[in-house]
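Shown next, in structure tokens, is the structure this report addresses.
Residue numbers begin at 1 in each chain, while the letters A, B, ... track the order of the sequences. Note that the structure is a prediction, hence the values are computed from the model and not measured. Quick note: numbers below take in every heavy atom, side chains included, and nothing from hydrogens, waters or symmetry partners.
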Amino acid sequence: MSSKRFAEVIVEVKSSGVDRPFHYEVPEAMRDRVHIGTRVLVPFGPRRLEGYIVGLAEAADVTKTKAILEVLDDEPPLTPDLVELASWLSERYLCTRAASVQALLPSGMRAKASTKLQLVDEPPAVTPGSLEAELLHTLQESPNRTKEQLIAEHPRWRSILREWTAKGILKESYQVKQGAQMKTVVYLTCAVQGESFQSALAELGRAKKQKEVLAYLFDQGEPVLMKAVLSELNASTATLKPLVEKGYVQKELREVLRDPYGIEHGRLEQPLPLTPLQRSAYDQIAAAVASEKPETFLLHGVTGSGKTEVYLQAIASCVQQGRQAIMLVPEISLTPQMVERFKKRFGDAVAVMHSRLSAGEKFDEWRRIRQGDVTIVVGARSAIFAPFRSIGLMIIDEEHEASYKQDDHPKYLAREVAMYRGRQHGATVVLGSATPALETRWWAHQGQIGLLEMSDRVLGQNLPKVRVVDMRNELQEGNRSMFSSSLKQGIEKRLEKGEQIILFLNRRGFATFVLCRSCGYVARCRECEIPLTYHKARGLEQLRCHYCGYAERMPHVCPDCGGDHVRHFGTGTQRVEEELNRVFTGVNVIRMDVDTTSGKGSHADLLQRFRNREAQILLGTQMIAKGLDFPNVTLVGVISADTSLFVPDFRAAERTFQLLTQVAGRAGRHQLPGEVIVQSYNPQHYAVQFAKQQDYDRFFQHEIRVRYGVHNPPFCELTAFTSVNVNEDESLRIARKLEERLRNAFGGREDVTLLGTSPAPLSRLQGKYRFNVVLKYGRFKQVAEQIRSVYQELAQEAQKAGGYLSIDVNAQMIL
DNA sequence: AGCACGCCGACT
DNA sequence: GTCGGCGTGCTC
């Protein structure tokens, strides 16, 4: 840190045009407060914007420089490694550095500058009834309105304001408001001692309550929380006011950190003894952490093998060495019970981070991490950005979960961020799962990452019986309903016994596929092996591949068996609920899907109601797969394995296998014997069969060959572009042009495959038409520059056309 | 991104 | 003649 005459600032504007450092002079008085990572307020054109410093220099490479207006932090919120991480995120996921920094910092961190206006002595002469008169009136009536507010309400006032400011009629000054405020609480102290205390009591005379409060505070002899005093003595602020005014009691504001969980942990729990397999996994992780070299492991442990205990002890060992640990869990698993388990083991050393915290709570948890008050963070995806000084261990539990990919910019994959930070900090990354993502398992297989296997169940619990019902037989026997006779009987039996039932509708998609109900045939693309999707446009029934764009006419006779039971498929939870009510009269059903769980806390509420046995049946999508630990549930039904098997996504088989395995592994963990019924028109499908047998290895062997055959990850990486526009022709035109540009850039390259323009699986969303172009390549580094320049050009053109072009590097799902 | 400037058509 | 439409270009 040689000199600080000039600062290189990235301005908080999410536009590629300004995503580069701008130079600002650092006023003498600010020199010792600016560092790399410090946020500042800078003039930018006619505006004032927040920005953050990425470099300091003796000279600027441009002649005209403005000066920094204000330094927004005493401590830089971004450590140098986080500044570096932000740059990497922008390069890897093709987004602006402003977007990356926003992802790194808690949302409440953003400061906003507004402009205050002040009329200077003589008001200007205005024509009555004119715009000027109206503005003048507003300025005089409500002098607290900011310039930005006024312009937002009346855009035409802008030029007048500018003119008046130039003429000196108006004076502008800016004020900065930090996003999240520090929370303060009031403490009270008795301000009178000894004799003056006695005389104060006397002076209060008949004010009994006031005397009581004063005496209480005098006895305490130290500042007491106001809230505690009031509730203890059953007093109100009205009692307090005169005491403060007379100077007997002193008020004091203290900053506090909000505690979103407030779990009383009492005495900390001790680690549990480890089984030999757990010990072996633990030893290897602990050794890697101690080595301070970046290393990644897959911890492949079956459900019930005790992964969490390994995590807890590995974290303990990391913390013992004076380094910090991050533990990621899927958002939906981050329940109070889960947090409690950590708090009971580590007490106050744990911070929690997830999206349901309020902005203020997030801000405070973040500050506790930044200040070094905690050494462990448990959180959802974004907790991977925890601003620790020296990370020793990062754990991603259920690493295969789709929720570890962020769906807006930067569209990062938590696993990749963890590995990058691992290299920065010399930290160990542990990816844990019972059903690892195929890529992860493949890397472990190839020796690129370490493999730790835990194949035994700690408590030797029994697996529930899994029955796969062939729905084709049901049809043959004349049962046209969505419930097989086995499932129907199973439900009836439970209802009679007063036991509970969970029904899954593992429908991830929206797209409808085409299936023959007689033989289970599913129409697929010949090139991609992806199920074709049903479309009806202008009375024409079509099947299209959402991957490559191939289209054919909807068959009315099954190409396989010649039968006429070819139907398009796709059922919502609502329809199942109706059907349930029709078939089982008087049954209480709790339905859980995006519609019924949108409210805050409604997810937990519904599960609690089910736990309280307010309903016999819980019906939902995979979001209920995590909540399977209900002692009274003895039947789990999967309405149709096919609905997740035939979504147009090359990961469909993997996702189905994972879901079914999870269901089978978790149902019936309690005293009552559990049963799982899986309905399918394709009961012989390998994903269904291997899930039934709980055989990950054989599923992996099979699926990896499929991936190799059609050249999909892990044998390549995918980047998806989506052109979006209200105008279908424009949307298509941009996608086509993008395709052409990419073809030019990569023509003849063996390591690159271009999947041409095709309608997105969500082909029309919010009235906008979406087309996809997908690029497959071996190594991102070898295509990054070309992708960047083509993307920038077309993104601009898409914008001119009134739409936009989005990019998803290392796309996990193509929508 | 968001703002200013500048060049065109349609109005009091 | 002027107001306001949006295309273009710049921001240390």
Side-chain angles (χ1 to χ4, degrees), chain A residues 3-27 30-31 34 36 38-72 90 94-103 110-115 117 127-135 146-167 170 172 174 408-410 724 726-727 730 791-807:
Chain A
S3 163
K4 297 181 172 182
R5 275 196 12 104
F6 293 95
E8 294 168 342
V9 175
I10 299 283
V11 113
E12 277 283 303
V13 174
K14 285 194 218 168
S15 166
S16 60
V18 288
D19 187 25
R20 58 195 162 88
F22 287 84
H23 295 85
Y24 288 90
E25 219 177 299
V26 183
M30 296 181 191
R31 297 269 159 100
V34 299
I36 286 179
T38 302
R39 290 174 317 140
V40 288
L41 188 72
V42 291
F44 194 68
R47 298 182 286 168
R48 282 180 255 273
L49 295 175
E50 186 189 333
Y52 69 96
I53 297 175
V54 292
L56 294 160
E58 183 54 55
D61 59 5
V62 282
T63 46
K64 43 175 185 169
T65 54
K66 294 180 181 176
I68 291 172
L69 295 170
E70 210 158 311
V71 179
L72 297 172
S90 304
L94 291 179
C95 67
T96 61
R97 271 176 277 192
S100 294
V101 166
Q102 268 180 40
R110 286 184 79 187
K112 253 178 90 178
S114 55
T115 311
L117 297 168
T127 337
S130 65
L131 271 175
E132 281 86 350
E134 219 181 302
L135 173 56
T146 67
K147 184 180 169 189
E148 291 76 14
Q149 285 170 335
L150 292 174
I151 291 171
E153 286 164 42
H154 299 273
R156 293 166 64 190
W157 285 354
R158 185 196 298 276
S159 52
I160 308 171
L161 288 168
R162 197 170 48 230
E163 191 191 321
W164 287 358
T165 310
K167 283 188 184 160
L170 267 176
E172 286 188 353
Y174 67 87
D408 45 54
H409 291 294
V724 184
V726 279
N727 181 322
E730 279 299 292
Y791 171 61
Q792 272 182 5
E793 182 200 339
L794 269 296
Q796 233 172 40
E797 187 159 346
Q799 221 159 49
K800 272 187 203 148
Y804 61 90
L805 182 70
S806 77
I807 184 169

Could you tell me whether the side chain of [X] and the main chain of [Y] form a donor-acceptor pair under 3.5 Å?
{"X": "A/Y24", "Y": "A/P43", "result": "yes"}
{"X": "A/E50", "Y": "A/A111", "result": "yes"}
{"X": "A/K147", "Y": "A/E172", "result": "no"}

Output for pair (A/L41 CG, A/L49 CG), nearest 0.5 Å, gives 7.5 Å
Quick one: label A/P43 by what it contacts on the DNA or RNA (base, sugar-phosphate, nothing), any heavy atom closer than 4.0 Å. sugar-phosphate
Sugar-phosphate, base or nothing in reach of A/F44, heavy atoms under 4.0 Å: base
Residue pairs meeting side chain to side chain donor-acceptor pair (under 3.5 Å), one or both in residues 794-804 of chain A, sequence neighbours left out, come to A/R733-A/E797, A/K737-A/E797
Residues within residues 796-804 of chain A bordering DNA chain B, heavy-atom distance below 4.0 Å: A/Q799
Considering only heavy atoms, which members of residues 60-72 of chain A lie under 4.0 Å from some atom of DNA chain B? none
d(CD, A/E50; P, B/dA1) in whole Å: 18 Å
Smallest heavy-atom separation, A/T96 atom then A/D19 atom, equals CA-OD2, 3.2 Å
Side chains of [X] and [Y]: does their closest heavy-atom pair fall under 4.5 Å?
{"X": "A/H23", "Y": "A/D61", "answer": "yes"}
{"X": "A/H409", "Y": "A/K14", "answer": "no"}
{"X": "A/I10", "Y": "A/V101", "answer": "no"}
{"X": "A/S90", "Y": "A/P410", "answer": "no"}

Please list, in 5' to 3' order, the outermost nucleotides of DNA chain C lying under 4.0 Å from any heavy atom of chain A. C/dG4 to C/dC12
What's the verdict on side chain to side chain contact (heavy atoms under 4.5 Å, CB included) for A/L117 and A/W164, showing C-alpha distance, side-chain angles and the deciding distance? CA-CA 11 Å; A/L117 297 168; A/W164 287 358; over 6 Å; no
Does the protein touch nucleotides 2-10 of chain B at the base, only the backbone, or not at all? Give it as B, S and - per nucleotide, heavy atoms under 4.0 Å. SSS------
Starting from the C-alpha separation in whole Å, work towards a yes-or-no answer on side chain to side chain contact (heavy atoms under 4.5 Å, CB included) for A/H154 and A/E134. CA-CA 10 Å; A/H154 299 273; A/E134 219 181 302; 4.1 Å; yes
Going by side-chain contact (heavy atoms from CB on, under 4.5 Å), name the residues that satisfy it together with A/F6, two or more places apart in sequence or in a different chain. A/E25, A/A60, A/T65
